[in-house]
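What follows is a short report on a single structure.
Start at 1 and go down the list; that is how both ligands and their atoms are numbered.
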Amino acid sequence: MTVFARILRGDIPTVPVYQDDLVYAFDDVNPVAPVHVLIIPRQEIVGLNQVEPSHEAMLGRLLLAARAVAEKKGIAEGGYRCVINTGADGGQSVFHLHLHVIGGRSMSWPPG
Ligand code: DGP
C-alpha cells in the first residue's frame with residue numbers, strides 16, 4: 001500500500017484542501033514553494049502509464065480540482081504550475097497518481 005492510500009484511509013492525518021467523490025487534495029509534506037498541494041484520485045492508480053479511457057472523468061476532475069485549489073490558496077491570478085511526475089525519469093516517488101499544484105513564487109523553466 002502506498003503512503004497516499006494510507007492518507008485516503010485516514011491512517012495518516014491530513015487537512016483536506018479540496019475533496020469530492022473522485023479526488024482528494026492536501027498539502028505536500030515537503031513543499032517546494034509557498035503553495036504545494038497534491039491532488040490524488042480516490043481510486044488507486046499507479047500513474048499516468050496506467051490510465052485508461054474509463055478514468056476520463058477522474059482525469060478531468062484532477063484539473064478542475066487544480067483550479068479550485070489555486071483559487072482557494074490565492075494563487076490563481078498570479079499563476080501556478082501543475083505537474084504529474086511519471087516513472088523513474090519523471091521523478092515519481094509515490095506510485096499513486098498525483099497532480100502537484102505549485103505556486104506562490106515565480107517558476108523557472110526548464111525544470112531540473
Ligand atoms: P512525486 O515525487 O511526484 O512522486 O511526489 C510525491 C510527493 O509526495 C512528494 O512531493 C512528497 C509527498 N509526500 C510523500 N509522503 C507524504 C506524506 O506522508 N504526506 C504528505 N502530505 N505528502 C507526502
Side-chain angles (χ1 to χ4, degrees):
M1 181 184 294
T2 69
V3 66
F4 292 170
R6 294 179 62 208
I7 284 173
L8 286 169
R9 286 159 56 110
D11 295 347
I12 300 172
T14 52
V15 176
V17 176
Y18 172 90
Q19 59 182 323
D20 61 32
D21 57 324
L22 294 178
V23 303
Y24 181 74
F26 53 97
D27 289 320
D28 194 294
V29 75
N30 187 21
V32 299
V35 174
H36 188 166
V37 175
L38 300 172
I39 309 174
I40 66 176
R42 293 190 182 277
Q43 186 178 353
E44 282 192 60
I45 298 167
V46 169
L48 266 190
N49 284 339
Q50 285 71 35
V51 299
E52 301 171 358
S54 64
H55 299 135
E56 187 171 352
M58 176 278 294
L59 291 168
R61 193 71 64 81
L62 282 178
L63 293 180
L64 290 169
R67 180 187 176 182
V69 164
E71 288 177 355
K72 184 167 183 177
K73 291 286 192 176
I75 58 171
E77 195 173 333
Y80 53 96
R81 183 169 293 175
C82 295
V83 174
I84 299 177
N85 295 325
T86 305
D89 281 357
Q92 185 175 5
S93 63
V94 178
F95 292 90
H96 180 127
L97 180 65
H98 51 283
L99 178 70
H100 296 256
V101 180
I102 304 165
R105 64 169 171 80
S106 182
M107 302 288 157
S108 60
W109 190 266

Heavy-atom check, side chain of Asp28 versus side chain of Ile102, under 4.5 Å:
no
Just how far is it from atom CG of Leu63 to atom CE of Met58, taken to the nearest 0.5 Å?
10.5 Å
Output yes when a side-chain donor or acceptor of Arg105 lies under 3.5 Å from a complementary backbone atom of Val32, and no otherwise.
yes
Answer yes or no: is there a donor N or O on one side and an acceptor on the other, between the side chain of Arg81 and the main chain of Ser108, under 3.5 Å?
yes
Qualifying residues under side-chain contact (heavy atoms from CB on, under 4.5 Å), relative to Glu77, sequence neighbours excluded:
none
When the ring centroid of His98 is compared with that of His96, is the distance short of 6.0 Å?
no
At a heavy-atom distance under 4.0 Å, which protein residues reach ligand 1? Sort them by chain and number, would you?
Val3, Phe4, Ile7, Phe26, Asp27, Asp28, Val29, Leu38, Asn85, Gly91, Gln92, Ser93, Val94, His98, His100
